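As structure tokens, the structure follows; a few thoughts come after it.
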Amino acid sequence: MPELIEVEQYREALDVLCGGTVRSLDIADSAFARPRGVPLGVFDALVGQALTATSRHGKLLLAHFGTDGYVVGMRFGMTGRLLIDGTSPIEALEYASRRNDPAWDRAIIDIGGRVVAIRDQRRLGSIELDPDTRQLGVEASAITADALHRVCSRRTKAIKAVLLDQRLIAGLGNLLADETLWQAGIDPRRPAGALSEVEIDTLASTTVATVQTLSARGGSHTGDSFELRLDGARCVLCSGSMTHDTVGGRSTWWCATHQS
DNA sequence: ATGCCTGTTCTACC
DNA sequence: CGGTAGAACAGGCA
């Protein structure tokens with residue numbers, strides 16, 4: 001997605017509309033709604049409800065409506081953007097088309113006359129009424145060493161796979177995970193449970209710092225290792241050679257020298 | 001033309 | 001229970 005940094009930008013844009021009332025809600029593509037097969041009519045309950053607050057859990061953007069506790073969850077897949085009156089806090093996503101076609105608007109909500117749209121070329125995002133946030137793990141942007149220790153403890157799968165598992169840690173995507181491990185000097189293939197206490201401490205604080213730094217820079221693609229994601233690249237920290245393989249099911253780049 | 005891509009979810013299998 | 005691999009979803013770009 002849009003990783004948590006981008007979704008937070010979407011949340012801030014949406015938050016401006018708090019106080020407005022839903023005039024209409026249109027989901028253009030029924031396949032975009034979750035859970036699969038849910039009748040689109042359930043979303044009609046939102047019409048007439050006021051947007052009271054916005055929040056975010058990992059990559060899930062939550063819009064809270066009315067006094068009855070309606071919550072709309074929005075996911076943005078690989079190429080989803082949030083637009084308000086046709087403009088988005090993120091004009092173009094890495095790895096997405098530079099085209100910007102209104103035909104890709106999968107859900108449109110009129111809140112107090114302002115038009116909120118989820119524009120998603122690839123349709124890997126979704127919208128859901130009252131999503132179950134208990135399925136999501138600890139928020140990555142504020143993860144503590146204790147929380148990371150609990151998540152890694154006795155787990156045999158690769159640390160990169162743990163960082164990406166939204167049920168364990170919510171918010172990190174492929175770029176943030178690679179950048180964090182690169183900054184922390186940890187090999188993405190290491191079994192999570194084999195990390196030392198010191199490495200867990202380092203990884204937790206590096207995760208928080210990386211999210212903070214890249215947020216200030218403006219996106220998940222602004223990490224110091226992002227430009228090293230190509231064959232033959234040399235690590236800018238130690239001049240070791242960058243390695244590319246699949247880890248945790250995702251394309252992974254790391255420094256063969258200083259990440260151990 | 002083939003492979004690749006900031007994601008999630010499902011099945012099959014060990 | 002834990003974990004892995006592959007496919008599916010989908011579409012544009014190098």
Side-chain angles (χ1 to χ4, degrees), chain A residues 1-10 28-38 56-61 73-82 88-101 103-104 106 118-128 131-133 135-137 140-141 151-182 188-194 210-211 214-215 217-223 225-231 244-253:
Chain A
M1 280 195 181
E3 307 187 26
L4 78 81
I5 291 173
E6 286 73 25
V7 177
E8 178 62 16
Q9 293 183 50
Y10 299 158
D29 187 342
S30 63
F32 201 71
R34 293 291 182 283
R36 285 186 178 284
V38 66
R56 177 187 59 75
H57 193 156
K59 308 175 192 175
L60 179 67
L61 172 57
M74 296 174 238
R75 296 184 175 280
F76 296 91
M78 297 273 273
T79 56
R81 293 189 303 143
L82 190 77
S88 174
I90 297 173
E91 280 312 311
L93 288 163
E94 294 292 324
Y95 305 122
S97 173
R98 253 74 71 196
R99 279 172 50 212
N100 189 20
D101 193 336
W104 300 333
R106 312 302 177 188
I118 302 177
R119 184 166 294 178
D120 182 5
Q121 165 208 353
R122 287 176 65 182
R123 290 188 230 180
L124 296 178
S126 60
I127 187 167
E128 181 171 9
D132 183 6
T133 56
Q135 303 292 323
L136 294 170
S141 61
V151 157
C152 291
S153 180
R154 291 182 296 280
R155 218 168 273 281
T156 58
K157 69 176 175 179
I159 183 61
K160 161 101 184 239
V162 168
L163 294 181
L164 288 178
D165 189 336
Q166 303 299 304
R167 297 165 303 179
L168 301 176
I169 301 172
L172 300 181
N174 204 33
L175 294 182
L176 275 175
D178 274 7
E179 171 75 9
T180 300
L181 289 165
W182 178 79
R189 302 166 298 178
R190 290 271 301 285
T210 299
V211 169
L214 273 53
S215 294
R217 292 182 186 173
S220 304
H221 61 291
T222 61
S225 70
F226 181 69
E227 61 192 28
L228 307 179
R229 303 176 77 82
L230 46 87
D231 287 325
H244 185 206
D245 205 347
T246 297
V247 182
R250 301 297 301 279
S251 174
T252 302
W253 294 84

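In what follows, every chain begins at residue 1, and chains take the letters A, B, ... in the order their sequences are listed. Only heavy atoms go into these numbers, but all of them, side chains included; no hydrogens, no water, no symmetry mates. These numbers come from a predicted model, not from an experiment.
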Atom-pair distance ([atom1] on [X]; [atom2] on [N]), nearest Å:
| X | N | atom1 | atom2 | answer |
| --- | --- | --- | --- | --- |
| A:Asp132 | B:dT9 | CG | P | 11 Å |
| A:Met78 | B:dT8 | CE | P | 10 Å |
| A:Leu175 | B:dC5 | CG | P | 10 Å |
| A:Phe32 | B:dT8 | CZ | P | 13 Å |
| A:Asp231 | B:dG3 | CG | P | 15 Å |
| A:Leu124 | B:dT9 | CG | P | 11 Å |
| A:Gln166 | B:dC10 | CD | C1' | 17 Å |
| A:Asp245 | B:dC5 | CG | P | 12 Å |

Taking only residues two or more places apart in sequence or in another chain, which ones pass side chain to side chain contact (heavy atoms under 4.5 Å, CB included) with [X]?
| X | result |
| --- | --- |
| A:Arg189 | A:Asp187, A:Val247, A:Trp254 |
| A:Asp132 | A:Arg134, A:Gln135 |
| A:Pro89 | A:Gln9, A:Tyr10, A:Ala13 |

Whether the side chain of A:Glu6 engages the backbone of A:Glu3 through a donor-acceptor N/O pair (distance < 3.5 Å, no angle test) should be reported.
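Present.
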Does A:Gln166 use its side chain to pair, donor to acceptor, with the backbone of A:Leu164 at less than 3.5 Å?
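Confirmed, A:Gln166 side chain pairs with A:Leu164 backbone.
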Measure all distances between protein nitrogen or oxygen atoms and nitrogen or oxygen atoms of nucleotides 2-8 of chain C, and list the pairs falling under 3.5 Å.
residue: C:dG3; atom: OP1; partner: A:Thr156; partner atom: N; Å: 2.9
residue: C:dG3; atom: OP2; partner: A:Arg155; partner atom: NH1; Å: 3.0

Using a heavy-atom cut-off of 4.0 Å across all strands, would you classify A:Arg36 as base, sugar-phosphate, or nothing?
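Contact class for A:Arg36: none.
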Look at all strands and tell whether A:Ser251 reaches a base, only sugar-phosphate, or nothing, counting heavy atoms closer than 4.0 Å.
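Sugar-phosphate: the residue A:Ser251, judged by heavy atoms under 4.0 Å, touches backbone atoms but no base.
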Those residues that, when tested against A:Arg154, pass salt bridge (Lys or Arg N to Asp or Glu O under 4.0 Å) (two or more places apart):
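Checked A:Arg154 against salt bridge (Lys or Arg N to Asp or Glu O under 4.0 Å); zero matches.
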At their closest point, which heavy atom of [X] faces which heavy atom of [Y], and how far apart are they?
| X | Y | result |
| --- | --- | --- |
| A:Thr79 | A:Gln121 | OG1-N, 3.7 Å |
| A:Lys59 | A:Leu4 | CG-N, 4.2 Å |
| A:Val162 | A:Ala192 | CG2-CB, 3.7 Å |

Among residues at least two apart in sequence or on other chains, which ones pass side chain to side chain donor-acceptor pair (under 3.5 Å) with [X]?
| X | value |
| --- | --- |
| A:Arg106 | none |
| A:Arg56 | A:Glu8, A:Glu139 |
| A:Asn174 | A:Lys160 |
| A:Arg217 | A:Asp224 |

Please list, pair by pair, any protein nitrogen or oxygen found under 3.5 Å from a nitrogen or oxygen in nucleotides 12-14 of chain C.
residue: C:dG12; atom: O4'; partner: A:Gln121; partner atom: NE2; Å: 3.1
residue: C:dC13; atom: OP1; partner: A:Ser97; partner atom: OG; Å: 3.4

If you measure from the P atom in C:dG6 to the same atom in B:dG3, how many Å do you get, rounded?
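The answer is 14 Å between these two P atoms.
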Closest nucleotide among C:dC9, B:dT8, C:dG11 to the A:Arg75 side chain:
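For the A:Arg75 side chain, the nearest candidate turns out to be B:dT8.
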With both pairing distances under 3.5 angstrom for Watson-Crick or G-U wobble, and | for a partner in another strand, the correct string for DNA chain B is .||||.||||||||
Taking atom CE of A:Met78 and atom CG of A:Leu124, what is their separation to the nearest 0.5 Å?
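Those atoms lie 7.0 Å apart.
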I'd like a list of close polar pairs between nucleotides 12-14 of chain B and the protein, N/O only, cut-off under 3.5 Å.
none

